[in-house]
Amino acid sequence: MSILEIIGGLLIVIGSIFLFLGALGIYRMPDVFNRLQAGTKASTLGAMATILGVGLLAPGWIFKVLIIILFIAYSNPISSHALARAMHKRKGYMYFKDEDIDAYSEIEEKDNSEK
Amino acid sequence: MKIAIILISLGILGFYLMDIFFGIGFGVQHFSNGVKDLYLSNSKDILKVSNVVTSIVVNFRGFDTLGEVTVLFLASTALGGILYKKRHHVGERSVLFPASRIVMSGAKLLFPSIVLLGAYVFIHGHLSPGGGFQGGTIIATGFLLMLLTYRNYSVSHNRLVYFESLAGILFISIGLVGYFSKGSFLENVLPVGNMNDLFSGGVIGIIYIAVGFKVAAELTGIIYTVLHEKD
């Protein structure tokens, strides 16, 4: 068993743990934004670690793996941002609605007033 | 005059199609065990294609694929016909709110890579899973992303029609070349090359490129028409 195989296996295990935690977070979190946080952040790291582990186990695929990781690294945050922003614009269900914490709309108001 | 040309070309087409249909010989059992063994051995030995599904869909059953492409063409034409009245006020689409700056710059980066992936899928249709329909759909999703992100992004309808017609003409003319030189519609006329090479499988690669362009143009047209509908 070479050192690459050990590192690759470890990466796959770490990635699987993060993917599991992401799934648990989607099930367990109270509102849309918390679920998005669990479902996108954890699964981004989990998917990247798992795929990198596969690349280390099969070194012939390493360039494909790097391209896939690059693709995940820039498509996943953008899509989760779009989802969260759409939910914010629709004034969706928020768990902490009573506490009046809404930093994004403050920033947006500032942006609009500067224009 | 136009109608006469159309009728004459339809008549010629119909004559040759009748010829093909009467040559099939319905009710005659050609193979004792069905055609599956023939397909498997022919796509490996004669066509040298590693993706057997592709060799069946495009070569052995290429006429069916032509029918499927025609169905898609008819669907997009019918949709255009239904929504044509409402397409007069073309301008900004009715979106609830514009996309944010992050999505805009991200879509600009993502669009070329989506188109590249679609082109890869339909060019490598005879080597790996996928093919013309899948690749064309991936390209259309790229256009969908751009249309959803930018409110004034527009696709030239004339250019779409041009690509679509050119791809259809390419498909049918390859079939006719096969008919006139080898005796059956969509018969392979090009050298087959070696198995697992990019240039293998004869006409399959070219037909899948044509199908990919056609499907991409049709689906993009459908998406564009639907997004421009206003109530």
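Just so we're on the same page: letters track the sequence lines, and every chain starts at 1. Just so it is clear, the values below take in all heavy atoms, side chains as well, and ignore hydrogens, waters and symmetry mates.
Counted within 6.0 Å of OH on B:Y39, heavy atoms from surrounding residues, nucleotides or ligands total more than 12; the atom is thus considered enclosed.
Considering only residues two or more places apart in sequence or on other chains, B:S184 meets the side chain to side chain donor-acceptor pair (under 3.5 Å) condition with B:E187.
A pairwise comparison of heavy atoms in B:V103 and A:I78 identifies CA-CG2, 4.2 Å as the closest pair.
The stretch residues 166-200 of chain B participates, sequence neighbours left out, in these ring-ring contact (aromatic ring centres under 6.0 Å, His included) pairs: B:Y16-B:Y179, B:Y16-B:F180, B:F63-B:F185.
Residues of residues 109-140 of chain B that come within less than 4.5 angstrom of chain A, heavy atom to heavy atom, are B:L109, B:L110, B:S113 in numerical order. Against chain B, the residues from residues 45-77 of chain A that qualify, each with a non-hydrogen atom under 4.5 angstrom away, are A:F71, A:Y74, A:S75 in number order.
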